[in-house]
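Throughout, protein chains are lettered first and strands after them, A, B, ... in sequence-line order, and every chain is numbered starting at 1.
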Amino acid sequence: MRTPVSDGARHGWVALGTSGERVHAVVLDAAGVTLERVELSAADFPGWAIERESTSAPRWVWNDTPRWYPRLLRAGLQVSRCHDLRLSHLVLAASDLVVDAAALRAASRWHAPPYEAVVPRQPALFDWDSDTARDELPADVDETVAEFARQQAAITQSTDPNRLRLLTAAESAGALVASELHVAGLPWSREAHEQILHDSLGTRDTTTGIPTQIFQLRQQIGELLGDSSVSLDSQPKLIRALHRAGVLVESTSRWELAEQQHPVIAPLLEYKKLTRLLSANGWAWLDEWVHDERFRPVYVPSGVVTGRWASSGGGALQIPRQLRSAVHADPGWKLVVADVAQLEPRVLAAMAADTNLADAAFGRDLYAGIVNSGTIASRSEAKIAMLGAMYGATSGESGRLVPRLRRSYPRAMALVDSAAQTGENGGTVRTWLGRTCPPPSVDWQLAQAQASDSTASEAEVARARRLARDRGRFTRNYIVQGTAAEWALAWLGDLRSRLARLPPAPATERATASGTVFGRQAHLAFFLHDEVIVHAHESQAAAAAEAVRAAAEAAGRLLFGEFRVDFPLDVSIADSAAKE
DNA sequence: CATGATAGCGCG
DNA sequence: AAAGCGCGCTATCATG
């Protein structure tokens, strides 16, 4: 295992490409001048890369991290830095900060969907259409070098090269982390999971497969509704059965059912809860997604329009709290579970340089700070108000409370209000580092144009107004959610290099079996917007926890410099990831 | 039989 | 009471 060299002077770049079975590398100096061209067989490539990393720690330039990095990891190489051309292209071609994006946009083959969408897990299910084939990502090394040059030029000539350099580096570091998370996997106890399933669902009937608890609830609900054959899984049928029993609901959603007074409600809500567990994370999920005590979801960096990650397969970003105790460290290892308290409002305070809000948050619970300042009476109201301000609430308790925040924190509120106004007017907004939201759709623009015509009907005007407001709420939230995603990338990127610098754990049986770079090393095991889980040998858990905190501080400084805002973490070191 | 839309619920 | 952002996934049901 090679430990990444810590960042210091610039180490130059190595651009990679393929041609058939051959790998081509072009070594560039820091100014982008070609120093050397190397051609390798696919088999020789990992060894060559390991050598290169240890001698010069270059920034690896490649078309798409998931097409290159997993095999290097399996060969034992954790690289220190890369430039992901696909992700960077998507950011730069759309960014307001780029002065002339024509050349980038003309290179349309670089505008490509995530690898998972192109190479699906079950290829048979995918229907290749001509567009996808035509837009396949370039792999040739000269095309790689050319795109890299275009991107460097776009950054250098932009109105804010520093931000775009940070953003593309953060995106690229995130791409490395995403591959590492997949290869390492989330430690998952099959036994603990099965215990949870058994405790809540009971045992599966040997012939029907229906768990006893669900079977019994179904019987009980049938009796209470006076219809033993009622279908509980079909909303229309369930609604009709409820109506016959005098429960006058318009939907079968949980909140509406919960309002009703009827003996069938409690068992019905329980039934819905249990069937949800069964279908989303039951025995079938366990068999499909957990192997060798690891859950290995596919993370999709930048899969969300705001820059947040998405995931593909297994519902990685929706693991229910109920199952978190199944996330369990290996014997002799620990989980360091850390999440940021109120990331988004802190990010908003820093973006707006709103010292009142940053001070209210400093060193404590942000909502308690708002209460403390006398702005709002209770913590729960403060939270509702702040979420309403960032999401664009107009009615209800939230809408009522937002004006109070506007009085106490005018700078922060003006920033989100202005983003909303820009969006309503059809404009674009951008995050702190320059990720720019998409322009309004053709349909949206058409609706606005029609509504401004003197012959427009009332319905057309109302629809255009509603669409404009919808877009305003989107852009309002975009700047905050997107900048929070950037903070999280900076946190992850800094953390991965800190963890890589920790000395390896003592040799264990598992280390020899796992066959990857992470067998003996503290490593990231999970990431979810504002939370990380690190898997570390017990001898290193405390150092890993300290690295998590230090990385959060570094991320705050990297984005917001000396502005006085902090990002406090809740950190725990435990065998499982269970909360509370 | 396959595809797409919708409801509902899980996560931040 | 159920609004106000961003997602993925499952089941059902209408449509091709």
Side-chain angles (χ1 to χ4, degrees), chain A residues 116-117 124-127 129 231-239 249-260 268-269 271-282 284-285 288-289 297-324 339-345 347-348 383-402 416 419-420 423 429 431 437-438 466 469-485 487-488 526-532 577 579:
Chain A
E116 266 300 296
L125 293 177
F126 193 73
D127 220 6
D129 63 47
S231 168
L232 303 180
D233 301 323
S234 156
Q235 291 115 336
K237 290 175 187 164
L238 176 57
I239 286 187
V249 286
E250 284 175 17
S251 76
T252 64
S253 69
R254 198 181 49 190
W255 65 263
E256 193 177 352
L257 288 172
E259 291 169 352
Q260 308 295 317
L268 185 53
L269 291 177
Y271 175 85
K272 286 165 75 79
K273 192 177 163 187
L274 295 189
T275 50
R276 163 84 194 187
L277 175 63
L278 176 66
S279 63
N281 296 101
W285 182 92
E288 183 177 358
W289 289 102
V298 173
Y299 296 87
V300 186
S302 228
V304 177
V305 65
T306 57
R308 271 189 175 181
W309 288 14
S311 72
S312 163
L317 308 186
Q318 304 136 253
I319 297 168
R321 290 182 103 78
Q322 201 183 358
L323 274 182
R324 286 189 56 116
D339 69 300
V340 195
Q342 306 106 21
L343 175 58
E344 292 191 351
V347 155
L348 172 59
K383 181 173 178 176
I384 286 167
M386 188 53 78
L387 291 176
M390 293 188 300
Y391 293 165
T394 54
S395 64
E397 190 183 2
S398 184
R400 215 173 54 243
L401 290 166
V402 171
V416 283
V429 296
T431 60
C437 78
R466 181 176 55 77
R469 296 255 195 228
D470 288 349
R471 182 169 160 78
R473 286 193 305 276
F474 165 65
T475 52
R476 169 190 291 274
N477 186 248
Y478 181 93
I479 60 167
V480 181
Q481 187 182 122
T483 304
W487 183 93
F526 188 66
F527 168 61
L528 178 57
H529 309 318
D530 63 358
E531 174 185 2
V532 296
K579 282 195 170 175

Closest of C:dC13, C:dC5, C:dG6 to the A:Y391 side chain is C:dC5
Among C:dG8, B:dC9, B:dG12, the one nearest any side-chain atom of A:S253 is B:dC9
note: A:Y271, atom OH; C:dT10, atom C1'; distance rounded to Å ~ 13 Å
Out of B:dG12, C:dA3, C:dG6, minimum distance to the side chain of A:V305 belongs to C:dG6
Of C:dT10, B:dG8, C:dG6, the nucleotide closest to the side chain of A:S279 is C:dT10
From the candidates B:dG8, C:dG4, B:dG12, the one with an atom nearest any side-chain atom of A:H529 is B:dG12
Testing B:dG12, C:dT12, C:dG6 for proximity to the side chain of A:S234, the answer is C:dT12
Atom CD of A:Q235 and atom C1' of B:dA7 are separated, to the nearest Å, by 5 Å
For B:dG12, the nucleotide meeting Watson-Crick or G-U wobble distances (both under 3.5 Å) is C:dC5
Whole-Å distance, A:N477 CG to C:dG6 C1', equals 7 Å
Requested in this report: Can you check whether any acceptor in the base of C:dG8 is under 3.5 Å from a donor in the side chain of A:Q318, or vice versa?
Outcome: yes
Among C:dC7, B:dA7, B:dG10, the one nearest any side-chain atom of A:R254 is B:dG10
Taking B:dG12, B:dG10, C:dG8 as options, the one with an atom nearest any side-chain atom of A:A310 is C:dG8
Does the distance from a Lys or Arg side-chain N to an Asp or Glu carboxylate O, for A:E344 and A:K383, drop under 4.0 Å? no
Side-chain donor or acceptor of A:S234 paired with backbone N/O of A:S231 under 3.5 Å = no
(Q) Given the structure, check if the side chain of A:R308 and the base of B:dG12 hold any donor-acceptor pair shorter than 3.5 Å. (A) yes
Using Watson-Crick geometry (N1-N3 plus N6-O4 or O6-N4) or G-U wobble (N1-O2, O6-N3), each under 3.5 Å, C:dA14 is paired with B:dT3
Closest of B:dG10, C:dC7, C:dG4 to the A:R473 side chain is C:dG4
### Query
Counting only side-chain N and O atoms of A:R276, is one of them less than 4.0 Å from OP1 or OP2 of C:dC9?
no
Item to check | Exceeds 12 heavy-atom contacts within 6.0 angstrom, atom NZ of A:K272 | outcome: yes
Atom CD of A:E250: over 12 foreign heavy atoms under 6.0 Å:
no
task: Report yes or no: do A:Q235 and A:T252 form a side-chain donor-acceptor pair below 3.5 Å?
output: no
